[in-house]
Amino acid sequence: MKFNKIEKDNLECTLEIIIEPSDYIPEYKKQINDVKSKGSFKGFRKGKTPDSFVSKMYGKSIVSDAVSKEIDKAFTQIVKDEKIRYVAQPLPSSDQMLDIDHKDLNKSYSYSLDLGLIAPIEVKGVGMGDVFTRYEVSTDDKEIEDHLANISKNFGVMEPVTDKIQGDDVLKVSATELDGAKAKKDGWMASFDIVMKSVGSEELKTDLLKKKKGDKFTAEIKQVTNRPENSIRKDLLGVDEDDTRVIGDNFSFVIEEVQRLKPAELTDELIKEKLSTWNLESVEELKEDFRKNRVLSYKKDADSMIYRDIMDSIMKHTEVNISETFLKRWLTETEKVEADKLEETVNSFSDEIKWVKIKEQLMDQYKVAIAQDDIDKKLYERAKTMLMQYGMTDESLVPTVMDRLRQDQNEFYNIVSSVESEKLFSKMIPDLTIETIKEGSEKFYGIIDKKFNTKPVETEEKLV
């Protein structure tokens, strides 16, 4: 393999890669043998087909594939050996076609790739004069009490009540389609539950809080829930998917029953029964487990805050020069970005590239390596946190949620990126000036909310 690197203006270059017979013939022979061993050809025993016969039938495609593989391998090796830092992916220099001649195995092939380069980066914003704040936070008795109260609710049972409706109640209602102010002739009728927390209209919610079992009210069907329209039709009204009849929006409702959650009394026996999968067998163990996990959670949040501050400082003070001309070409040719959206896309994409390339340089500098175990651990933590947010205590569900996270490309990318950043920043911390502040949990919650604004969204949808 040979190559020529042709420098251009505006942080661009062209790599001309020359693949010689000695590069692609081993792969060519391997593929010929694979075809012989796996294929059946009339007139020949399996595995005994002459090379010349296989080459006559498939030679051009096999040589083409072998040469293409060698071009990819050569590019990767050149970039590594020459320490070429580039943006996005390389683009063909022109509409090049490899003129494959499978009858001439002494022929060399040339292919050229254009690259947008990145200028050398001098990372700033993390010098000894830059001070970063690390918080140390401890839990308090109120948090433990609140946690126990939530556990009591999770293990509680729904019971019918006859007093006025409250904000956490569930209403069992019968609904009748209206035509004006009267029941519609042959109109739709259904019975279903209304979850008070999910009532979409604040005005309706206020009115319902004045009512009790046996009372009536009228409302648009979409006001009694936060479900999407297709779910209202299918799950609330019970309309078959192939039923295309038109159903009106207005309904009259009769509150047939009001159910309210009665929290469970927490005892050692209940904890042992319900939380044995989490290796908890008493109320005291539950408290200690929460306290321990809370401290760990605070540490993670505190780490996230200081990591974010480090990243923001680096991004603010570090200049990264890339070829915008190449980036625009890449976005146009590869991502099919329209001309009127190009400048906006380049700006947002440049910021992302800037951090990715700074992080790559720092990871190389600090010799940060990511193992599969690191990713699996983060996936497990994320899955377990998601389950606990929804009050699910069965750890057997964790692998299912982990699989869903792996299959979500954006979520998985974010998790891997998070692992990289955490390992990188943890190695950088000893080289930085850190100011430690001890803070109470309530104030720390406020800082976290202001910094990240991460509040779980209530929904009727189930996680698994």
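As the structure is a computational prediction, the values presented were derived from the model and not from experiment.
For the pair K299 and D303, the salt-bridge criterion is met [side-chain N within less than 4.0 Å of a carboxylate O]. Electrostatic pairing of R227 and D235 counts as a salt bridge here, judged by a charged N lying under 4.0 Å from a carboxylate O. Contact check on R291 versus E143 returns no salt bridge, with no Lys/Arg side-chain nitrogen under 4.0 Å from an Asp/Glu carboxylate oxygen. A salt bridge is defined here as a Lys NZ or Arg NE, NH1 or NH2 lying under 4.0 Å from an Asp or Glu carboxylate O, and K354 with D351 fails to meet this definition. Residues D312 and K316 are not paired through a salt bridge, judged by the lack of any N-O separation under 4.0 Å between the basic side chain and the carboxylate. Between E159 and R260, no side-chain nitrogen of the basic residue sits less than 4.0 Å from a carboxylate oxygen of the acidic one, so the salt-bridge criterion is not met. Here K272 does not pair with E269 in a salt bridge; the nearest charged N to carboxylate O distance is not below 4.0 Å.
Defined by atom type and a distance below 3.5 Å, a donor-acceptor pair is missing between the side-chain atoms of Q365 and Q361. Side chains of Q89 and W330: a donor-acceptor N/O pair is present below 3.5 angstrom, by distance only. At a cut-off of 3.5 Å, with distance as the only test, no side-chain donor of Q409 or E411 sits close to an acceptor on the other residue. A donor-acceptor contact closer than 3.5 angstrom is absent between the side chains of S252 and K182. If you check the side chains of Q372 and D376, you find a donor sitting under 3.5 Å from an acceptor. Between the side chains of Y366 and D431, at least one donor N or O lies within less than 3.5 Å of an accepting N or O. Looking at E177 and N250, their side chains never bring a donor and an acceptor atom within 3.5 Å of each other.
Counting only distance, with no hydrogens or angles, the side chain of D374 and the backbone of I370 share no donor-acceptor pair below 3.5 Å. Between the side chain of S323 and the backbone N or O of N10 there is at least one donor-acceptor pair closer than 3.5 Å. A donor-acceptor pair is defined here as one N or O able to donate and one able to accept, closer than 3.5 Å; no such pair exists between the side chain of D289 and the backbone of E285. Remark: the backbone N or O of G200 is not paired with any side-chain donor or acceptor of N226 at under 3.5 angstrom.
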Output, in order, the C-alpha distance, side-chain angles, deciding distance and verdict of side chain to side chain contact (heavy atoms under 4.5 Å, CB included) for K212 and D163. CA-CA 6 Å; K212 59 183 183 300; D163 58 343; over 6 Å; no

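Applying the ring pair (Phe, Tyr, Trp, His ring centres under 6.0 Å) test to pairs two or more places apart or on separate chains, those with a residue in residues 169-226 are F217-F253.
Outside the 6.0 Å centre-distance limit, the rings of F425 and F132 are not counted as a close aromatic pair.
Rounding to the nearest 0.5 angstrom, the gap separating the OH atom in Y307 from the OG atom in S418 is 9.5 Å.
Around NZ of K73, the count of heavy atoms belonging to other residues, nucleotides or ligands within 6.0 Å does not exceed 12.
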